[in-house]
Amino acid sequence: MGKMSREAMLQRVRETEFALVDIGLYLDTHPRDEKAMDYYNKYQQINKELRREYEKNFGPLTSNGVDTSDGWTWVRDPWPWEGRCR
């Protein structure tokens with residue numbers, strides 16, 4: 001995947017999440033469409049990998065991604081949607 005900037009990686013996370021919502025809505029009305037399900041599964045995997053990589057490099061995207069071995073780190077840094085607050 002290569003080294004992406006924080007902003008570029010966050011944008012990729014947003015794009016894959018949009019794709020998942022979009023195809024999820026389609027699957028609500030077309031649950032037997034195998035190509036759509038394959039597309040959903042592909043983007044779900046891509047999203048998981050991007051989120052994992054983002055959180056490894058830049059911190060949690062949501063409170064569910066907090067590693068509590070070092071305390072409640074969720075509030076230490078600016079949140080992803082706060083941009084460059086430092």
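If you read the sequence from its start, that first residue is 1, and numbering goes on from there.
With sequence neighbours left out, the side chain to side chain contact (heavy atoms under 4.5 Å, CB included) criterion links Ser5 to Glu7, Ala8. Judged as a ring pair (Phe, Tyr, Trp, His ring centres under 6.0 Å), and not counting sequence neighbours, the contacts of Tyr26 are His30. Listed by chain and residue number, Asp67 satisfy the side-chain hydrogen bond (donor to acceptor under 3.5 Å, both in side chains) test with Ser69 (two or more places apart in sequence, or in another chain).
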Show me the donor-acceptor pairs, under 3.5 Å and distance only, between side chains in residues 34-46 and residues at least two apart or in other chains.
{"residue": "Asn41", "atom": "ND2", "partner": "Met37", "partner atom": "O", "Å": "3.3"}
{"residue": "Gln45", "atom": "NE2", "partner": "Glu49", "partner atom": "OE2", "Å": "3.1"}

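Leu10 contributes atom CG, which lies 11.0 Å from atom CE of Met4 (distance to the nearest 0.5 angstrom).
The minimum heavy-atom distance between Val13 and Thr16, with the atom names listed, is O-OG1, 3.0 Å. Of all heavy-atom pairs spanning Phe58 and Met9, the tightest one is CE1-SD, 4.2 Å. Glu55 and Leu61 make their closest contact through OE2-N, 3.0 Å (heavy atoms, listed as atom of the first residue, atom of the second, distance).
Evaluation of the salt bridge (Lys or Arg N to Asp or Glu O under 4.0 Å) test over residues 17-33, restricted to residues two or more places apart or in two chains, returns Glu17-Arg51.
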